[in-house]
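Because only heavy atoms are used, hydrogens play no part in the values below, and waters and symmetry mates are left out as well, while side chains stay in. These figures come from a predicted structure and were not determined experimentally.
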Amino acid sequence: MTTQVKHYIDGEFTQGTGTSQIIVTNPANNSPIAVINAATSEEVHVAIASAKAAFKTWKEVPVSERARVMLRYQHLLKEHHDELATILAHETGKTFEDAKGDVWRGIEVAEHACNVASLLMGETVENVARSIDTYSYTQPLGVCAGITPFNFPAMIPLWMFPLAIACGNTFILKPSEQDPMTPQRLVELFVEAGAPKGVLQLVHGDKTAVDILLADPAIKAISFVGSVAVGQYIYKTGTDNLKRVQAFAGAKNHCVIMPDANKQQVINNLVGASVGAAGQRCMAISVAVFVGAAKEWIPELKEALAKVRPGLWDDKEAGYGPVISPAAKARVLKLIKQGIDEGAECLLDGSDFTVEGYESGNWIGPTMFNKVSTEMSIYKEEIFGPVLCCMESDSLEAAIELVNASPYGNGTSIFTASGAAARKYQHEIEVGQVGINVPIPVPLPFFSFTGWKGSFYGDQHAYGKQAVRFYTETKTITSRWFESDIAVASTPNMSINLR
C-alpha cells in the first residue's frame with residue numbers, strides 16, 4: 001500500500017491536481033511506498049502568492065512571538081523524534097541510529113531559532129561625523145525558498161525554514177522527490193506548533209517547480225544543497241533573476257593522516273566517516289592521504305572496513321543502509337569499475353553485495369582503493385557511495401598541496417599529535433571547514449556551515465538585510481540611508497573543531 005504525499009499550500013494540505021506522478025520507493029527493495037502528484041505551475045504560483053501575502057503581517061509579529069512558535073516547534077520535534085526517524089529510515093534506507101542523528105541535528109537548528117532575538121540586534125555608533133549618529137536594524141527580506149536533497153531530509157530542511165521564518169520571512173520548501181514524507185511530517189508539526197497560514201508552504205515536484213521559484217520576482221532568496229551541476233544552475237539562474245542565492249554543491253573531502261597520530265583513532269574514525277550513511281554525505285571522507293610511515297596502517301584499515309556490513313534500517317548490527325536509488329547504485333558501480341580499469345588497487349570491492357531477501361535493493365558493500373592518483377575518475381568525481389580512496393604523500397606540505405589543488409573545498413581533516421602540524425594545516429588549507437582529530441567537521445547551528453571553491457556558490461546572508469540610517473543630534477532622520485548585505489549573524493569563513 002502506498003501513501004499519498006501531500007503539499008501544504010495556502011494553509012491547506014492537499015494531494016494536488018497534477019497529473020504527473022512521481023513514485024517514491026523503498027531503497028532496500030525498490031518497492032513503491034508513496035506517490036506524489038507533482039505540483040502544477042498554478043499550484044506553485046498559489047504557494048508563492050500565499051507566502052507573499054503572509055509576509056506583510058508576519059514581518060510585523062514581535063520577535064518574541066516568533067521565537068515562541070519555534071519553542072513550541074522544537075518541543076514537538078523532540079516529542080516526535082523517534083517517529084520522524086522511523087519515517088526517515090523507511091524512505092532513505094538509513095539505519096535507525098543514523099536516522100535519529102539526522103533528526104536530532106535538525107532539532108538543534110530549531111533550538112537555535114528560539115534564540116533569534118539576539119541574532120537580530122542592530123548596531124549603534126554615536127558621532128560617526130560631527131553631531132551624526134548611526135543606527136542599523138536587521139530586517140527580513142520577504143519570501144524565501146529552500147530546495148533540499150535526499151540525503152538529509154530532516155536536517156537540511158530544518159537548516160533552512162526555522163531560521164528564515166524566525167527572522168520574519170515566509171518560506172517555500174521544495175524537498176527532494178525521493179524522500180518527501182519526512183519533510184511533510186516536519187511541516188505538519190510546524191502547523192501544530194501554531195504557525196500562521198501562509199508562513200510556510202510545501203510543494204513537491206521536479207525541475208518545473210524549481211524553475212518557477214527561481215524566476216518569480218516575489219522570491220527574494222534561495223537556499224540549495226545538492227550536486228555541483230544543479231547547484232551551479234540554481235546559483236546562475238537565481239542570480240540572473242536578481243535573487244540572493246546560497247548553493248552548497250559538491251565535495252571531495254580529504255583526511256590527512258600523519259604518522260604521529262593515534263592509529264586506532266584514525267582507523268575507527270575513517271571507517272565511519274567514509275562508509276557511514278552509505279557514503280551519501282556531503283561531508284563524508286572519501287579520500288585518505290597517508291603521510292610517510294602512516295601508509296603502513298592501510299592493511300589494518302582494510303580489515304576494519306571489511307567488517308562493516310550494510311543492512312536494513314532496523315538491523316542493529318548494520319553499519320549502514322542502501323544507497324537511495326537504482327540510478328545512484330549504477331553510478332557508484334560504474335565509478336568502481338572505472339577505478340579498477342584505470343589502475344587503482346582495489347583492496348575491497350562491494351559491487352556484488354546483497355542482503356538476503358532484499359536482493360533487489362540498492363546495496364553496495366564497503367569499497368576501498370589504494371594507489372589512487374589525481375587523474376583517476378574515482379578521485380576527480382564525487383562518488384557519493386561507500387567508497388574510500390587511499391593516497392600516499394611524502395610530507396605534510398605535499399599533502400596540503402594535493403588538497404588545495406582539488407576543485408572542491410567543503411570539508412577536510414587532519415589527524416596528528418603535533419600542534420604545529422595542526423596549526424600549519426588549518427592555516428594553509430583552502431577548504432571551508434577543518435577538523436583536527438575530528439573526521440567530519442560539521443559545525444553546530446550557532447556557527448556557519450560554509451564551503452570554498454566548487455563546494456559553495458553565493459551569499460551566506462540570504463535571509464536578512466540590514467538597513468542603516470543616519471541621525472542628527474536631535475534624532476531626526478536625514479535623507480541619507482541605504483541597505484547593505486550584512487548577515488543576520490556573523491559568518492566566518494572557517495569553522496575549526498579541536499579535540
Side-chain angles (χ1 to χ4, degrees), residues 8-11 47-74 76-77 106 109-124 135-148 157-174 186-187 189-202 213 216-223 238 242-246 445-446 448 458-469 481-491:
Y8 184 64
I9 298 173
D10 195 27
I48 295 171
S50 175
K52 183 178 179 180
F55 175 67
K56 294 178 182 178
T57 53
W58 181 245
K59 69 177 181 177
E60 302 299 338
V61 171
V63 64
S64 57
E65 291 184 28
R66 301 200 300 259
R68 288 188 197 108
V69 173
M70 297 304 158
L71 280 166
R72 293 191 292 271
Y73 187 46
Q74 60 88 28
L76 287 170
L77 290 173
V109 183
E111 288 178 330
H112 185 48
C114 298
N115 301 310
V116 70
S118 61
L119 303 178
L120 297 179
M121 292 181 180
E123 299 167 327
T124 303
Y135 298 79
S136 70
Y137 304 94
T138 302
Q139 300 172 333
L141 280 173
V143 183
C144 303
I147 302 163
T148 60
L158 289 171
W159 277 357
M160 296 182 183
F161 73 82
L163 280 169
I165 291 172
C167 289
N169 303 284
T170 55
F171 201 89
I172 300 172
L173 176 63
K174 207 304 284 183
L186 294 177
V187 172
L189 293 173
F190 194 63
V191 174
E192 187 178 336
K197 174 183 174 180
V199 168
L200 177 62
Q201 317 277 333
L202 173 67
L213 296 175
D216 195 300
I219 305 291
K220 303 302 181 184
I222 300 278
S223 255
L242 303 178
K243 304 181 190 306
R244 297 193 190 186
V245 180
Q246 50 185 24
F446 34 84
S448 62
D459 184 358
Q460 288 186 315
H461 313 157
Y463 298 140
K465 65 184 178 182
Q466 192 170 67
V468 181
R469 291 167 170 81
W481 71 281
F482 64 92
E483 294 179 354
S484 61
D485 295 348
I486 301 177
V488 170
S490 62
T491 51

With a 4.5 Å cut-off on side-chain heavy atoms, are [Y] and [X] touching?
X      : Y      : result
Val191 : Leu200 : no
Arg244 : Leu141 : yes
Leu158 : Leu77  : yes

Those residues that, when tested against [X], pass side-chain contact (heavy atoms from CB on, under 4.5 Å) (two or more places apart):
X      : result
Pro217 : none
Ala54  : Thr170
Asp216 : His45, Ile48, Ala218, Ile219
Ser64  : Pro62, Arg68

Considering all heavy atoms, the nearest [X]-[Y] contact:
X      : Y      : value
Leu76  : Leu189 : CD1-O, 3.5 Å
Cys167 : Pro140 : O-CB, 3.4 Å
Gln74  : Cys114 : CG-SG, 3.7 Å
Val63  : Ala117 : CG2-CA, 3.8 Å
Ile147 : Ile222 : CD1-CG2, 4.1 Å
Ala145 : Leu213 : CB-CD1, 4.3 Å

The ring-ring contact (aromatic ring centres under 6.0 Å, His included) partners of Phe190 (sequence neighbours excluded) come to Tyr73, Phe161
Name the residue from Val187, Val143, Ile172 that meets the side chain to side chain contact (heavy atoms under 4.5 Å, CB included) definition with Gln201. Ile172
[X] [atom1] to [Y] [atom2] distance, which is reported to the nearest 0.5 Å:
X      : Y      : atom1 : atom2 : answer
Leu119 : His112 : CG    : NE2   : 4.5 Å
Leu173 : Tyr8   : CG    : OH    : 13.0 Å
Leu163 : Met70  : CG    : CE    : 8.0 Å

For atom NZ of Lys59, is the number of surrounding heavy atoms from other residues, nucleotides or ligands below 6.0 Å larger than 12? yes
Using the test salt bridge (charged side-chain N to carboxylate O under 4.0 Å, His left out), find all partners of Lys56 that sit at least two apart in sequence or belong to another chain. none
Backbone N/O of [Y] and side chain of [X]: donor-acceptor pair under 3.5 Å:
X      : Y      : answer
Trp58  : Gly198 : no
Asn169 : Ala164 : yes
Ser223 : Gly146 : no

With Lys243, which residues qualify under side-chain hydrogen bond (donor to acceptor under 3.5 Å, both in side chains), at least two apart? none
